[in-house]
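Just so it is clear: chains get the letters A, B, ... in the order the sequence lines come, proteins before strands, and each one is counted from 1.
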Amino acid sequence: MALRLTNTMTRKQEELKPIDDNRVRMYTCGPTVHDFAHIGNYRTYMFEDLLRRFLKYKGYEVIQVMNLTDVDDKTIRKSREQGITLDEYTEKYKKAFFEDIDMLRIERAEHYPAATEHVSEMVEMIKTLVKKGLAYEVEGNYYFSISKFNDYGKLSHIDLEGLKPGARVAADEYEKESISDFALWKAWDENDGDVYWETDLGKGRPGWHLECSVMSMKYLGETFDIHTGGVDNIFPHHENEIAQSEGATGKPFANLWLHSEHLIVDGRKMAKSLNNFYTLREVMEKGFSAVAVRYALLSTHYRQQLNFTFERIAAAANALERYIDFYNNLSDYKGGQSSGKAEKYIEKMLTGFETSLDDDLNISAALAEVFDFIRDINRLKAENKLSDDERIRALDALKKVDTVLDFLPRDDEGIDAEIEALIQKRAEAKKQRNFTEADKIRDDLLQKGIILEDTPSGTKWKRKI
RNA sequence: GGCGGCUUAGCCAAGUGGUAAGGCGGAGGUCUGCAAAACCUCUAUUCUCCGGUUCGAGUCCGGAAGCCGCCUCCA
């Protein structure tokens, strides 16, 4: 079955047809490392994680590039305020970013190019654009002339005549030929301090849009398969990328454009500027696990706005608990008599899971298949109608979909001798019918996030999710 | 003002014109020292509203209301 995705360019679902048969090349707009990212930012990276994992699930090789914007107005201003170099400043947030995506189990991309390491390539592209008459220079600043690029607006479907001049178009924009022209290169001024590059274009620094054009083409080629980002990037960022890239190469830039909707808080987009954001760290300090956040961010379709509440994270944690309990309980189950139904349930789930995700990554439908499967297998287990062989195949099926979902506990969260000792102690208390003592041990462990369950095959423990 | 999106149960959320998936929460039951987990039963005569097309509309068409986003360095 083929994967169909909604292309922002055509606003229709289109079948993914990779340029290289079995390999998918994708560019995913990454963070500006000027602060801790908030979970709204991670919503987009989570969608991209779902996409790349599902592509791999389907057997594709994936080459994903995610840029790190480590030079812009904010990083320069903040590093200067703190009296440290730009590198020192951005390093902290690059590190935090990778810590966060690791906790969220967002799989690492193949490349994380930083803007500051690609300045010479950016300068070359500007020179090409000038040579082609698509860019011009005013007082050391270089701008892209959108009137020279006929296709401008094809992604966002924006008619330039309809653009309302933005409040930010101000005195510092110098003498652009057209109000909508955008900066490719910014001449140094005193606010930039020691952040500048001496180049053929003069002393200055690159504009934001340029890095994505340069770095995507450097690592993926002039035309590649998929380009993604948040909906707020459609205009102007991605529109500008297309103008620069196609203007420079004369070739199509990306074949499929995918955009994820925003995370919403109290009815507003989560944003630094609205001061309504939560970082992953803040959510975790409230007692929620990163994997619960993963579930919450992953479980709503990417083109649907997702309203963030702590109730929602709690509900996600509970759903996750059902999923993980299923796996653990089935792992410990001693097989019974086959009823012959398990194979059918496994097939139905695996088929439904893939078919659902093939349909523009319909994760809700895919999860519904998984939960149906969990109920079906649990029923067989409760009736003792699941053979050991079927049990193992069911576990394998769950592990297979978990290569995409990645909700199962990691092995390194293993046995803790102290807990085992307390379970032992509690077993003794229970034997003597000292339930007060037994319950106290259970309650104490619960305070530490350890849940005990008495089962026919002994007491088991698990971590609170 | 221009462009786009959304509105389905207490909450979240799927839904090719054929009679409302799934999750959370809640109620009852089985099991259990008590719990937990698991299983069983129940929890939307109806999809923001008003028209229309159709044998049949959550789904298509028209209109209204409410909400959200983008409109020049936001994921």
Side-chain angles (χ1 to χ4, degrees), chain A residues 8 11 28-32 37-48 69 72-74 146 153 156-159 161-169 173 176 179-183 186 207-211 228-237 239-240 259-264 267-273 295-296 299-301 303-307 309 311-312 314-323 325-326 328-329 352 356 359 362-372 374-375 378-383 430 433 435 438-439 442 446 451-456 460 462:
Chain A
T8 306
R11 302 196 178 162
T28 51
C29 273
T32 301
H38 58 68
I39 56 173
N41 300 122
Y42 291 123
R43 201 250 167 131
T44 295
Y45 308 143
M46 194 64 80
F47 141 66
E48 290 152 356
T69 301
D72 79 323
D73 292 351
K74 283 187 282 251
I146 61 168
S156 51
H157 303 89
I158 279 175
D159 178 5
E161 303 303 317
L163 283 186
K164 192 174 167 181
R168 253 176 297 190
V169 178
E173 291 291 298
K176 293 197 289 189
I179 196 127
S180 299
D181 288 352
F182 58 91
K186 297 179 170 190
W208 174 47
H209 310 296
L210 193 61
E211 66 179 66
T228 73
V231 283
D232 48 1
N233 280 154
I234 296 171
F235 189 87
H237 183 51
E239 198 68 70
N240 291 351
H259 292 95
S260 63
E261 258 298 348
H262 285 136
L263 193 70
I264 301 295
R268 309 286 304 188
K269 161 185 167 183
M270 182 178 283
K272 288 268 158 58
S273 57
Y295 187 100
S299 59
T300 296
H301 189 266
R303 287 188 297 105
Q304 179 95 20
Q305 287 183 342
L306 196 165
N307 194 44
T309 59
E311 290 71 23
R312 187 177 189 126
N318 288 340
L320 200 54
E321 192 175 4
R322 179 166 167 80
Y323 180 98
D325 283 350
F326 169 75
N328 288 333
N329 293 341
S356 298
D359 178 20
N362 188 339
I363 187 68
S364 302
L367 285 173
E369 294 289 348
V370 174
F371 281 106
D372 279 344
I374 287 173
R375 168 145 296 142
N378 270 337
R379 190 188 309 111
L380 292 181
K381 189 159 80 67
E383 294 167 355
K430 276 175 67 182
R433 303 195 67 80
F435 296 119
D439 289 351
R442 184 167 63 190
L446 186 61
I451 297 167
L452 295 191
E453 293 177 4
D454 295 333
T455 77
K460 292 185 187 136
K462 64 183 180 185

Original post:
With respect to the phosphate group of B/rA14, does any side-chain polar atom (N or O) of A/Q304 fall under 4.0 Å of OP1 or OP2?
Top reply: yes
Original post:
Quick one: what's the B/S/- string for nucleotides 32-43 of chain B, heavy-atom cutoff under 4.0 Å, read 5' to 3'?
Top reply: -BBBBSSSS---
**OP:** Provide the distance between the two P atoms, one in B/rA21 and one in B/rA9, to the nearest whole Å.
**Re:** 14 Å
**OP:** Taking only the side-chain nitrogens and oxygens of A/R268, find out if one of them lies under 4.0 Å from OP1 or OP2 of B/rG69.
**Re:** yes
**OP:** Could you state the atom-to-atom distance from CZ of A/R303 to C1' of B/rA13 in whole Å?
**Re:** 15 Å
**OP:** Please step through side-chain contact (heavy atoms from CB on, under 4.5 Å) for the pair A/T28 and A/Y45, ending with a clear verdict.
**Re:** CA-CA 8 Å; A/T28 51; A/Y45 308 143; over 6 Å; no
**OP:** Can you tell me the pairing partner of B/rC11 across any strand shown, Watson-Crick or G-U wobble, with both distances under 3.5 angstrom?
**Re:** B/rG23
Original post:
Where do A/T8 and A/R303 land on the side-chain hydrogen bond (donor to acceptor under 3.5 Å, both in side chains) test, with the steps shown first?
Top reply: CA-CA 11 Å; A/T8 306; A/R303 287 188 297 105; over 6 Å; no
Original post:
Taking NE2 from A/H157 and C1' from B/rG5, how many angstroms apart are they, rounded to a whole number?
Top reply: 14 Å
Original post:
Roughly how far apart are A/N240 CG and A/F182 CZ, rounded to 0.5 Å?
Top reply: 3.5 Å
Original post:
Roughly how far apart are A/N233 CG and A/T228 OG1, rounded to 0.5 Å?
Top reply: 9.0 Å
Original post:
What nucleotide among B/rA14, B/rA21, B/rC70 has an atom nearest to a side-chain atom of A/D372?
Top reply: B/rA21
**OP:** Could you work out the separation of B/rA13 and B/rG17 based on their P atoms and round it to a whole Å?
**Re:** 23 Å
Original post:
Which is it for A/R43 and A/E261 under the salt bridge (charged side-chain N to carboxylate O under 4.0 Å, His left out) test, yes or no, and what are the steps along the way?
Top reply: CA-CA 9 Å; A/R43 201 250 167 131; A/E261 258 298 348; 5.9 Å; no
**OP:** Find the partner of B/rG69: check Watson-Crick (N1-N3 plus N6-O4 or O6-N4) and G-U wobble (N1-O2, O6-N3) distances, both under 3.5 Å, and reply none if neither fits.
**Re:** B/rC3
Original post:
So which one's nearest nucleotide on RNA chain B is more toward 5', A/L367 or A/V231?
Top reply: A/L367
Subject >> Residue among A/I39, A/I264, A/N307 satisfying side chain to side chain contact (heavy atoms under 4.5 Å, CB included) with A/M270 >> reply: A/I39
Original post:
Is there a Watson-Crick or G-U wobble partner for B/rU53 with both distances under 3.5 Å, and if so, which one is it?
Top reply: none
Original post:
Is any side-chain nitrogen or oxygen of A/R11 closer than 4.0 Å to OP1 or OP2 of B/rG5?
Top reply: no
Subject >> Touch class at under 4.0 angstrom, heavy-atom based, for A/A271 against every strand present >> reply: nothing
Original post:
With respect to the phosphate group of B/rC12, does any side-chain polar atom (N or O) of A/N307 fall under 4.0 Å of OP1 or OP2?
Top reply: no
Original post:
B/rC12 P sits how many Å from A/E261 CD, rounded?
Top reply: 17 Å
Original post:
Which part of the nucleic acid does A/H259 contact within heavy-atom distance under 4.0 Å: base, sugar-phosphate only, or nothing?
Top reply: nothing
**OP:** Measure the distance from NE2 on A/H209 to C1' on B/rA75 and round it to the nearest whole Å.
**Re:** 15 Å
Original post:
Quantified in whole Å, what is the P atom distance between nucleotide B/rG10 and nucleotide B/rU45?
Top reply: 9 Å
**OP:** Rounded off to whole Å, could you give me the CD1-to-C1' distance for the A/I264 and B/rC70 pair?
**Re:** 12 Å
**OP:** Determine, step by step, whether A/D232 and A/K269 satisfy the salt bridge (charged side-chain N to carboxylate O under 4.0 Å, His left out) criterion, reporting the C-alpha distance in whole Å, the side-chain angles of both residues, the deciding distance to 0.1 Å, and the verdict.
**Re:** CA-CA 10 Å; A/D232 48 1; A/K269 161 185 167 183; 3.8 Å; yes
**OP:** Report which part of the nucleic acid A/G267 touches: base, sugar-phosphate, or nothing (heavy-atom distance under 4.0 Å, all strands).
**Re:** sugar-phosphate
Subject >> Separation of B/rU8 P from A/Q305 CD (nearest whole Å) >> reply: 13 Å
Subject >> Distance, C1' atom - from B/rU43 to B/rG22, rounded to whole angstrom >> reply: 15 Å
Original post:
Using atom C1' of each nucleotide, how far apart are B/rU16 and B/rC68 to the nearest Å?
Top reply: 28 Å
Original post:
Just how far is it from atom CD of A/Q305 to atom OG of A/S260, taken to the nearest 0.5 Å?
Top reply: 11.0 Å
Original post:
Do A/K269 and B/rC74 have a side chain to base donor-acceptor pair shorter than 3.5 Å?
Top reply: yes
Subject >> Gap in Å between the two C1' atoms, one belonging to B/rA57 and one to B/rG15, rounded >> reply: 13 Å
Original post:
With respect to the side chain of A/F235, which nucleotide from B/rA13, B/rC70, B/rA75 is positioned closest?
Top reply: B/rC70
Subject >> Sugar-phosphate only, base, or nothing, as touched by A/T300 at under 4.0 Å among non-hydrogen atoms >> reply: sugar-phosphate
**OP:** Find the distance between SG (A/C29) and CD (A/E211) and round it off to the nearest 0.5 Å.
**Re:** 8.0 Å
**OP:** Run the numbers on A/R442 and A/D439 for salt bridge (charged side-chain N to carboxylate O under 4.0 Å, His left out), then give the verdict.
**Re:** CA-CA 5 Å; A/R442 184 167 63 190; A/D439 289 351; 3.3 Å; yes
**OP:** Measure from OH on A/Y295 to C1' on B/rG23 and round the result to the nearest Å.
**Re:** 5 Å
**OP:** Could you tell me the separation between the CD atom of A/E369 and the C1' atom of B/rA13, rounded to a whole number of Å?
**Re:** 15 Å
**OP:** Answer with base, sugar-phosphate or nothing: what part of the nucleic acid does A/A368 contact at a heavy-atom distance below 4.0 Å?
**Re:** base
Original post:
With no angle test and no hydrogens, is the base of B/rA13 tied to the side chain of A/S364 by a donor-acceptor pair under 3.5 Å?
Top reply: no
**OP:** Could you work out the separation of B/rU41 and B/rG66 based on their P atoms and round it to a whole Å?
**Re:** 44 Å
Original post:
Heavy atoms under 4.0 Å, any strand shown: does A/I363 hit a base, just sugar-phosphate, or nothing?
Top reply: nothing
**OP:** Identify the nucleotide, in any strand shown, that forms a Watson-Crick or G-U wobble pair with B/rU16, with both distances under 3.5 Å; if there is none, say none.
**Re:** none
Original post:
Considering only the P atoms, how many Å lie between B/rU48 and B/rU8, rounded to the nearest integer?
Top reply: 6 Å
**OP:** Would you mind pulling out the nucleotide paired to B/rA38, Watson-Crick or G-U wobble, both distances under 3.5 Å?
**Re:** B/rU30
Original post:
Is B/rU46 paired to anything, Watson-Crick or G-U wobble with both distances less than 3.5 Å, and if yes, which nucleotide?
Top reply: none
